[in-house]
**Q** 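What follows is a structure written as structure tokens; I'll ask about it next.
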Amino acid sequence: MTRKLIAGNWKMNGSLDTNATLVGEMLAGVGTPACDVALCVPAPYLAQVQGLLAGSSAIELGAQDVSQHENGAFTGDVSATMLRDFGVRYVIVGHSERRQHQAENDVHVAIKVKRALAAGITPIVCVGETLREHEEGMTEFIVKRQLSAVIHLNGHCISEVVVAYEPVWAIGTGKTATPEQAQAVHAVLRAQIKAATDNADRVRILYGGSMNAANAASLLAQPDIDGGLIGGASLKAPDFLKIVAAAD
Ligand code: 13P
């Protein structure tokens with residue numbers, strides 16, 4: 001069985017002061033976790049958090065986005081090789097907030113995955129349906145479409161990615177998918193990955209969307225839920241550490 005992964009997504013939160021406190025508390029409490037742990041921080045704080053995590057093998061560094069371009073005249077973009085310069089191990093790609101607010105589409109996401117892989121960074125590819133799509137019974141169709149674009153461009157390299165199922169209606173709303181609901185979607189994704197690679201079992205499929213200290217254990221007990229992508233609860237060390245402790 002693969003080691004589970006608990007990744008925090010700080011989103012656009014933090015400051016030099018609060019980051020130092022938060023990471024300090026996490027390092028003090030994390031011990032030797034039974035799962036992989038990562039913090040995906042805003043780009044300007046990569047150097048700071050890289051420094052704070054230096055010397056710890058318990059928590060790895062992640063970023064929240066990567067440019068689809070290699071380098072050049074793309075003002076504001078951050079390339080995969082730049083992320084690698086800061087020891088970034090994971091990068092979130094295709095988060096629904098970027099799909100919604102930055103007009104990222106399936107093709108952009110697939111190219112970003114390719115850039116990350118080429119730089120030796122593991123992409124955490126987010127898929128998930130909106131509330132309306134959920135209510136219209138389109139969940140399976142949407143997540144398969146989103147993942148198939150990534151598989152189409154990256155082929156059997158799909159075995160090198162992490163997938164995160166994040167139902168948009170569950171993000172930051174306090175409404176979590178039930179363990180059974182999430183497992184059903186994860187099983188669909190697993191089957192889709194299996195059709196593309198012989199190594200589907202090593203691909204970690206995370207759940208994200210109001211995962212917290214109280215509901216983590218029941219979600220993580222599902223056979224195809226291999227970890228979590230944690231938003232709000234990753235900004236509070238005790239909550240995040242409880243989720244890490246639930247992932248063994
Ligand atoms: P919340 O845990 O705040 O719902 O956010 C989930 C998420 O979007 C992680 O990427």
Side-chain angles (χ1 to χ4, degrees), residues 4-14 18 22 26 35-43 45-46 49 59-66 83 88-102 104 108-109 112-113 116 121-131 133-134 139 142-143 146-147 150 161-179 181-182 185-186 189 204-220 222 225-247:
K4 289 191 168 63
L5 168 64
I6 300 296
N9 174 9
W10 286 0
K11 307 192 179 183
M12 199 172 72
N13 293 292
T18 59
L22 182 56
M26 287 190 180
C35 62
D36 292 339
V37 182
L39 296 176
C40 299
V41 310
Y45 297 129
L46 286 171
V49 179
I59 304 181
E60 295 179 291
L61 184 60
Q64 299 177 8
D65 183 38
V66 62
L83 296 180
V88 165
R89 170 85 177 73
Y90 297 97
V91 61
I92 298 170
V93 175
H95 193 281
S96 61
E97 288 151 13
R98 296 200 60 83
R99 292 181 191 258
Q100 187 186 344
H101 303 303
Q102 319 293 336
E104 281 190 14
H108 300 139
V109 174
K112 288 178 176 207
V113 167
I121 298 171
T122 301
I124 301 176
V125 184
C126 299
V127 299
E129 81 286 7
T130 63
L131 178 61
E133 291 160 346
H134 180 70
T139 300
I142 296 294
V143 299
Q146 291 171 332
L147 189 60
V150 176
V161 314
V162 172
V163 175
Y165 170 53
E166 296 208 312
V168 179
W169 50 270
I171 295 176
T173 59
K175 281 187 209 153
T176 320
T178 64
Q181 269 177 325
V185 179
H186 282 228
L189 294 169
R204 292 179 288 191
I205 308 178
L206 315 184
Y207 171 80
S210 298
M211 197 190 254
N212 58 39
N215 62 27
S218 58
L219 286 158
L220 293 167
Q222 298 297 315
I225 300 186
D226 308 311
L229 186 54
I230 319 299
S234 74
L235 298 171
K236 296 178 204 134
D239 292 23
F240 187 68
L241 292 174
K242 278 186 202 137
I243 299 172
V244 169

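Start at 1 and go down the list; that is how both ligands and their atoms are numbered.
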**Q** For ligand 1, which atoms sit closer than 4.0 Å to a heavy atom of Gly232?
**A**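 Contacts of ligand 1 toward Gly232, numbered from 1: 1 (P), 2 (O), 3 (O).
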
**Q** Can you check whether Gly172 has an N/O within less than 3.5 Å of an N/O in ligand 1?
**A**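 There is such a contact, yes.
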
**Q** Give the atoms of ligand 1, by number and element, whose distance to some non-hydrogen atom of Asn9 is under 4.0 Å.
**A**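 Contacts of ligand 1 toward Asn9, numbered from 1: 9 (C), 10 (O).
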
**Q** Would one find an N or O of Ala233, backbone or side chain, under 3.5 Å from an N or O of ligand 1?
**A**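 No, since none of the N or O atoms of Ala233 sits under 3.5 Å from an N or O of ligand 1.
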
**Q** Using a strict 4.0 Å threshold on nitrogen-to-oxygen distance, state whether Arg98 and Asp65 make a salt bridge.
**A**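 Salt bridge between Arg98 and Asp65, a charged N being under 4.0 Å from a carboxylate O: yes.
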
**Q** Looking at Lys112 and Val66, would you say the former's side chain and the latter's main chain have a donor-acceptor pair under 3.5 Å?
**A** yes

**Q** Short list, please: which atoms of ligand 1 are under 4.0 Å from a heavy atom of Gly209?
**A**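 In order of number, 4 (O), 6 (C).
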
**Q** What residues, two or more places apart in sequence or in another chain, satisfy side-chain contact (heavy atoms from CB on, under 4.5 Å) together with Gln181?
**A** His134, Trp169, Ala177, Thr178

**Q** Using a distance-only test with no angle check, is there a side-chain donor-acceptor pair under 3.5 angstrom linking Gln64 and His95?
**A**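 Not at all, the side chains of Gln64 and His95 share no donor-acceptor pair under 3.5 Å.
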
**Q** Among pairs that include at least one residue of residues 225-243, which meet salt bridge (Lys or Arg N to Asp or Glu O under 4.0 Å), considering only residues two or more places apart or in two chains?
**A**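 Listed by first then second residue: Arg190-Asp226.
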
**Q** Considering Lys175, Met211, His95, Glu97 one by one, which has a heavy atom nearer to atom 8 (O) of ligand 1 than any of the others?
**A**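 Result: the heavy atom closest to atom 8 (O) of ligand 1 is in His95.
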
**Q** Near Lys11, which atoms of ligand 1 are under 4.0 Å from a heavy atom of that residue?
**A**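 In order of number, 5 (O), 6 (C), 7 (C), 8 (O).
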
**Q** Among all the protein's non-hydrogen atoms, which is closest to atom 2 (O) of ligand 1, and how far away is it?
**A**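 Residue, atom and distance for the closest contact: Gly231 N, 2.9 Å.
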
**Q** Please list, in number order, the atoms of ligand 1 under 4.0 Å from a heavy atom of Glu166.
**A** 6 (C), 7 (C), 8 (O), 9 (C), 10 (O)

**Q** Under 4.0 Å, heavy-atom basis, I'd like to know which part of Ala170 is in contact with ligand 1: side chain, backbone, both or neither.
**A**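 Within the 4.0 Å criterion, Ala170 contacts ligand 1 through backbone atoms alone.
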
**Q** Mark yes or no for whether Arg99, through its side chain, and Glu104, through its backbone, hold a donor-acceptor pair below 3.5 Å.
**A**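 Between the backbone of Glu104 and the side chain of Arg99 there is no qualifying donor-acceptor contact (under 3.5 Å).
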
**Q** Side-chain contact, heavy-atom cut-off 4.5 Å: Glu133 with Val143?
**A**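 Counting from C-beta outward, Glu133 and Val143 never come under 4.5 Å.
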
